[in-house]
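So the structure is just underneath, and the comments pick up after that.
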Number of protein chains: 2
Amino acid sequence: MKDEGTEDHILSAAEKVFQRKGMDGARMQEIANEAGINKAMLHYYYRSKRFLFEAVLSKAFSLIAPEINRVINDDTHLFQKIENFTPSYINFLQKHPYLPNFLIQELNRDSDFIGVLHSKKDFLDFQKFQEQVDREIQEGNIRPIKAEQLFIHLLSLNVFPFLAAPLIKGFLQLNGSEYKQLMEERKEEVTRILINYIKIKE
Amino acid sequence: MKDEGTEDHILSAAEKVFQRKGMDGARMQEIANEAGINKAMLHYYYRSKRFLFEAVLSKAFSLIAPEINRVINDDTHLFQKIENFTPSYINFLQKHPYLPNFLIQELNRDSDFIGVLHSKKDFLDFQKFQEQVDREIQEGNIRPIKAEQLFIHLLSLNVFPFLAAPLIKGFLQLNGSEYKQLMEERKEEVTRILINYIKIKE
DNA sequence: GTCTATAGCCAGATAGAC
DNA sequence: GTCTATCTGGCTATAGAC
């Protein structure tokens, strides 16, 4: 909105629709309505549905990678980063509730789209995190672990419960507020499980 | 195949197509081709695309819930169950590679489908697992934890890395074999992290 | 750059012969 | 029950006026 040019305006509308409906479920007409402009404009600026979709996918990746980067690569202690990840992620989810699911879904669906990622440069800067983990190991503060594994643990424990919420609710026969309560408790759970795992007791 | 009636035959074909392409991406023609029959037959047996899809979704849930149940509710020790979960899940994935992603995706997409689940009776039998966890706590073998949380930890650590494989590969700039190597290492990682978390050291 | 109108296609669904 | 042929609607995309 605001002072965006029409092109960005369209992209914002496309994000909303594509992230909720996916590539196949989305309709150009709905995107046009969302943007408050005509359907023909979408083609004028982005040529085809596919190109518009790829712009959205690419931007989604560019949006989430730095976000994770920010948590992983600030100057705080390793344990502090683990602790910060959960509230940061929940905060991100509030702004972009459909984005993680969207990315995972569409990258799984059409392996061509992975090429879209590789043409970009907004990868995670994993180096710094890796060095931090290795340093902590050498100093004898944590037990040996690959930084990649710790990272995947952190993502798994934080992201999956939101991703699979309807499925887990089905499994455990929970209603919305019961599940929300579990998620609340997890904030502490996740931190403790990871720190407990890597920390060397004195 | 084999001696299935036409109805089951169609359902098998529909599973393959729907699980790979999703509700919106799937084409009735493709399902008919996969089943080796005519498109009109699909409507003769299942009336509409939506009904056929719901049959597939419902069956997917009925397929995975007992599978998890089987691991969670056999007679082995709690630690043993945690250990068994990973190889069981990987084995399941080999038979139904698209199923977890399919369920999560479609349940997130259209909240109407959650009703399909509630009309079924193949929920997870969580009672037994819950009692086992509570017993271990009372006997002082593990530290206090909600069975639900332990269950979600277990699912998260096992399921997410496969679900988000393309995304994580993008983040960490890994190729297929590097990622496969990480997954191999995780088999042990996941078991250790959970048992280490709950086990009370003597 | 922005619109209206429409081309052209393709998908789900059905009619009706066998 | 199974097929072919076809209807009908909706979708992407474009032509062309302004």
Side-chain angles (χ1 to χ4, degrees), chain A residues 1-60 98 102 105-106 109-110 112-113 115-116, chain B residues 1-60 98 102 105-106 109-110 112-113 115-116:
Chain A
M1 302 292 172
K2 294 195 173 178
D3 291 323
E4 289 173 328
T6 310
E7 191 167 336
D8 290 335
H9 196 186
I10 290 173
L11 193 62
S12 299
E15 282 176 51
K16 287 193 193 122
V17 177
F18 275 129
Q19 287 181 19
R20 273 191 292 115
K21 307 283 182 76
M23 167 68 186
D24 295 322
R27 295 291 161 252
M28 294 296 266
Q29 183 60 59
E30 194 178 348
I31 295 171
N33 293 345
E34 179 73 39
I37 55 155
N38 194 275
K39 203 171 50 144
M41 296 300 287
L42 305 182
H43 289 91
Y44 179 78
Y45 280 99
Y46 288 91
R47 254 194 48 158
S48 73
K49 183 183 183 183
R50 175 146 186 130
F51 283 133
L52 179 53
F53 176 79
E54 287 182 5
V56 170
L57 191 76
S58 173
K59 189 181 167 192
Y98 298 98
F102 168 72
Q105 177 54 27
E106 302 297 334
R109 187 81 84 211
D110 191 337
D112 292 355
F113 292 139
V116 179
Chain B
M1 304 290 174
K2 293 196 172 178
D3 290 321
E4 289 173 325
T6 310
E7 193 167 335
D8 291 334
H9 196 185
I10 291 173
L11 193 62
S12 299
E15 283 177 50
K16 286 192 194 125
V17 177
F18 275 128
Q19 287 181 21
R20 272 189 293 115
K21 308 282 183 77
M23 168 66 185
D24 295 323
R27 294 292 162 252
M28 294 297 266
Q29 185 59 59
E30 192 177 349
I31 296 172
N33 292 346
E34 179 73 40
I37 57 157
N38 194 276
K39 203 171 52 144
M41 298 299 288
L42 305 182
H43 289 91
Y44 179 79
Y45 281 99
Y46 288 91
R47 256 191 52 148
S48 72
K49 185 184 183 183
R50 174 147 187 130
F51 282 134
L52 179 53
F53 177 79
E54 286 182 6
V56 170
L57 191 76
S58 173
K59 192 181 166 193
Y98 297 99
F102 168 72
Q105 176 54 28
E106 302 297 334
R109 187 82 82 208
D110 190 337
D112 292 355
F113 292 139
V116 178

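Given the structure is predicted, the values throughout are model-derived calculations rather than measurements. Numbers restart at 1 for each chain; the letters A, B, ... are given by sequence-line order, proteins then strands.
Distances shorter than 4.0 Å separate none of the side-chain N or O atoms of B:Thr6 from OP1 or OP2 on D:dG1. Put simply, A:His43 has no side-chain N or O that comes within less than 4.0 Å of OP1 or OP2 on D:dT14.
Looking at which nucleotide of DNA chain C each of A:Gly36 and A:Lys39 is closest to, the 5′-most match is held by A:Gly36. Both A:Arg27 and B:Ile37 lie close to DNA chain D; mapped to their nearest nucleotides by heavy-atom distance, the more 5′-ward contact belongs to B:Ile37. Heavy-atom nearest nucleotides on DNA chain C were determined for A:Ala40 and for B:Ala40, and the one closer to the 5' end corresponds to A:Ala40.
Residues A:Phe102 and A:Leu57 are in side-chain contact: their nearest non-hydrogen atoms beyond the backbone lie under 4.5 Å apart. You'll find the side chain of B:Phe18 stays beyond 4.5 Å of the side chain of B:Glu106, heavy atoms only. Two residues are said to be in side-chain contact when any heavy atoms from C-beta on lie closer than 4.5 Å; B:Lys49 and B:Arg27 meet this criterion. Side-chain contact check for A:Leu11 versus A:Lys59: some heavy-atom pair is nearer than 4.5 Å.
Atoms CD1 (B:Ile31) and P (C:dG12) sit 8 Å apart, rounded to a whole Å. The CG-P distance, from A:Asn33 to D:dC11, rounds to 11 Å in whole Å. Atom P of nucleotide C:dA11 and atom CD of B:Glu30 are separated by 10 Å, given to the nearest angstrom. Rounding to whole angstrom units, CG of residue A:Leu42 and P of D:dT14 are separated by 13 Å. As a whole-Å value, the separation of B:Lys49 NZ from D:dG10 P is 15 Å. Atoms CZ (B:Phe53) and C1' (C:dA11) sit 17 Å apart, rounded to a whole Å. Rounded to whole angstrom, the span from the CE atom of A:Met28 across to the C1' atom of C:dA7 amounts to 17 Å. C:dC10 atom C1' lies 15 Å from atom CG of B:Asp24, rounded to whole Å.
With D:dA13, C:dT4, C:dT2 as the candidates, the nucleotide lying closest to the side chain of A:Asn38 is C:dT4. The side chain of B:Tyr45 lies closest to D:dT2 when the candidates are D:dT2, C:dA13, D:dT4.
Here B:Tyr46 lies out of heavy-atom contact (under 4.0 Å) with every strand. Residue B:Met41 is classed as a base contact, given a heavy-atom separation below 4.0 Å to a base. Among the atoms of the strands shown, only primed sugar atoms or phosphate atoms (P, OP1, OP2) are found under 4.0 Å from some heavy atom of A:Ala26.
Within a 6.0 Å sphere centred on CZ of A:Arg50, other residues, nucleotides and ligands contribute more than 12 heavy atoms.
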